[in-house]
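Written out below as structure tokens is the structure these notes cover.
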Amino acid sequence: MSIVIKAENLNFSYPETESTPKVDALKNISFEIEEGTFTAILGHNGSGKSTLAKILCMILESQTGSLTIMGKDVNSENITDEEIMDIRKEVGMVFQNPDNQIVATIVEEDVAFGCENLGIPSVEIRERVDNALKEVGMYEYREHPVAKLSGGQKQRVAIAGVIAMRRKCIIFDESTAMLDPIGRKDVLNIIKKLNREHNITVILITHYMNEASMADKILVMNEGRIVASDTPEKIFGDPQKMWDIGLDVPQTTEFLYKLNHYGYSFPITVFDPEAVAEIVSKEFSSVE
Amino acid sequence: MGSDVIFGQYIKGDSVIHQLDARMKIIIAILYIVIIFLAHSVSAFILLIVATAVFIIMTKIPLRLLLKAMKPLMIIIIVTAIINMFWFTGKTLLVKFWIINIYLEGIINSLLIITRIILLIMATSVFLTYTTTPLKLTDAIEYLLGPLKVLHVPVHEFSMMMTIALRFIPTLIDETHKIINAQTARGANFTSGGLISRAKSLIPILIPLFISAFRRADELATAMECRCYTGGDGRTKLNVPKTSCADWIFLLVIIVLGVAVVLLNTFIPIYSM
């Protein structure tokens, strides 16, 4: 598999302003993301994860270090505006606040917005928009005003907008943070589907541990550094380490970990509540 | 809450007039306004009243809603009528009282002016505000003003601003409600006190609203940039407006009406203004 994003020693700091001091948001960040993988970036507020997302989308530019996206050196001096545009066509982003990323008043108009910007012919836009809306299950709402949708539905419209542009890599910047449980579940299912069925590279920035547990790989960020980078099983296999940096582990892991204090030896990296229930009930019924 | 607000006064419907191309509707509305101003004789006005009534029936919009559009303009209509009635000097004196002279021609003249104002409101309501969504209107205006781009008039930018404004009005209304509730919960009082103290009490609503609007604007700009927005050049459209047969028929009807009005003015000049 080819490498989609390769970052080496990225540094970024927000300059000093009248009211705030200089903030080093990213410190020597290095990582690689392979095509078609699902990567979660974990970290609490201020750990630099959103800054990283903005750099990957080229909204911000890292001050030092090298960043290669789709084989193009983004940080080099002589990158042209066209090349930046080419990368933007491949890397999309879904933001946290569903309200602040929807441009048009009607659902289908908004989904079409990105394609319209790319100058795609109308007939093809129509086809892409319809397909994208079906993909996220919002086809029946295509002529509805955006203002009347729920948060989860708006977020699905935003995702449809990214799908319609046929991007190879989508970054979700805490896209589920403002949603209710049902909306979150819907959006997560779509994210999983995009990754598994359409082979889209997904980068999910979150502070929900159970969302991160679905990923192939987790990058844990703390105070601007990547402190761990591994599979969910390895990352959550050592809950104490996560608790030490003020992060959590999935509830299932915490539950099994605490049970193990009473002399059991459950595997703690089972993330599906149903599976956990089964393991535990089996153990307890054998005791009787 | 705010999401239920309808902008402008668009009334959903599937009538012929609803389905006309918005660009054509703007042209038709402008022509119709010109025709209404061309009418000078009672006969021409009768024709226009009949035509407008037919258009209203075609939209299938309840008359009650159309009359509602008149309400705010009622005072203007009445004042114009009264002024015209008292100041008009004609031949047939009806009432003479102190310095007030009311002539028959004066009364007819005011009636015609009232009719003209009502027709103007009806025409714009029927063709534009009631039957065309603000979004379609914006697009149509962008298209019609398109030639001005040659003169470096930022037509696309204005239409994008309009679209975004329309998009964010319900969001900001919701937000205003939230802020009012939050400030009320913290003891703010918006309903009592004199004019000045009430105006002052708006400050704790307006400041958070502005701050949040700017934050939204910033995030939206980022999101638009992420979606490859680089301005109007090279953009395509999902829905390309198309003129149908009905559009041209309507245009023809309006032109025929215009000719008829001019002919009626000339040949049947009953009580010409």
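Here is how names work: the chains are called A, B, and so on, in the same order as the sequence lines, proteins then strands, and each is numbered from 1. Please read these numbers as outputs of a predicted model, since none were measured by experiment.
The greatest number of non-hydrogen atom pairs below 4.5 Å with chain A, out of B/Asp218, B/Ile164, B/Thr222, is found for B/Thr222. By number of non-hydrogen pairs under 4.5 angstrom with chain B, the leading residue of A/Cys115, A/Cys57, A/Gly119 is A/Gly119. In terms of heavy-atom pairs under 4.5 Å with chain B, the best-connected choice from A/Ile120, A/Val162, A/Val146 is A/Ile120. Contact count against chain B (heavy-atom pairs under 4.5 Å) is highest for A/Met85 among A/Met93, A/Glu124, A/Met85. Looking only at heavy-atom pairs under 4.5 Å with chain B, the residue among A/Ile59, A/Asp99, A/Asn100 that has the most is A/Asn100. Heavy-atom pairs under 4.5 Å with chain B peak, among A/Lys54, A/Arg167, A/Glu116, A/Met165, at A/Glu116. For the options A/Gly161, A/Pro121, A/Gly114, heavy-atom pairs under 4.5 Å to chain B are most numerous at A/Gly114.
Under the 3.5 Å distance criterion, the side-chain polar atoms of B/Lys25 are matched with a main-chain donor or acceptor of B/Ile17.
There is no contact between A/Gln96 and chain B, counting heavy-atom distances below 4.5 Å. The contact between A/Val129 and chain B is made entirely by side chain atoms (from C-beta outward), counting heavy-atom distances below 4.5 Å. Heavy atoms closer than 4.5 Å to chain B are found in the side chain of A/Phe95, but not in its backbone. If you measure heavy-atom distances from A/Ile102 to chain B, the contacts under 4.5 Å come from both the backbone and the side chain.
B/Thr133 is linked by a side chain to side chain contact (heavy atoms under 4.5 Å, CB included) to B/Tyr10, B/Leu135, B/Lys136, counting only residues two or more places apart in sequence or in another chain.
For B/Arg216 and B/Phe168, the positive end is not near the middle of the six-membered ring at less than 6.0 Å and at most 45° from its axis.
In this structure, a donor-acceptor pair under 3.5 Å is present between the side chains of B/His18 and B/Ser15. Residues B/Arg186 and B/Gln183 bring a donor and an acceptor atom of their side chains to less than 3.5 Å of each other. A donor-acceptor contact under 3.5 angstrom links the side chains of A/His198 and A/Glu135, judged on distance only.
A salt bridge links A/Arg126 to A/Asp130: at least one charged side-chain nitrogen sits closer than 4.0 Å to a carboxylate oxygen.
Note: A/Phe113 and B/Tyr229 have parallel aromatic rings, judged against thresholds of 30 and 60 degrees for the angle between ring planes.
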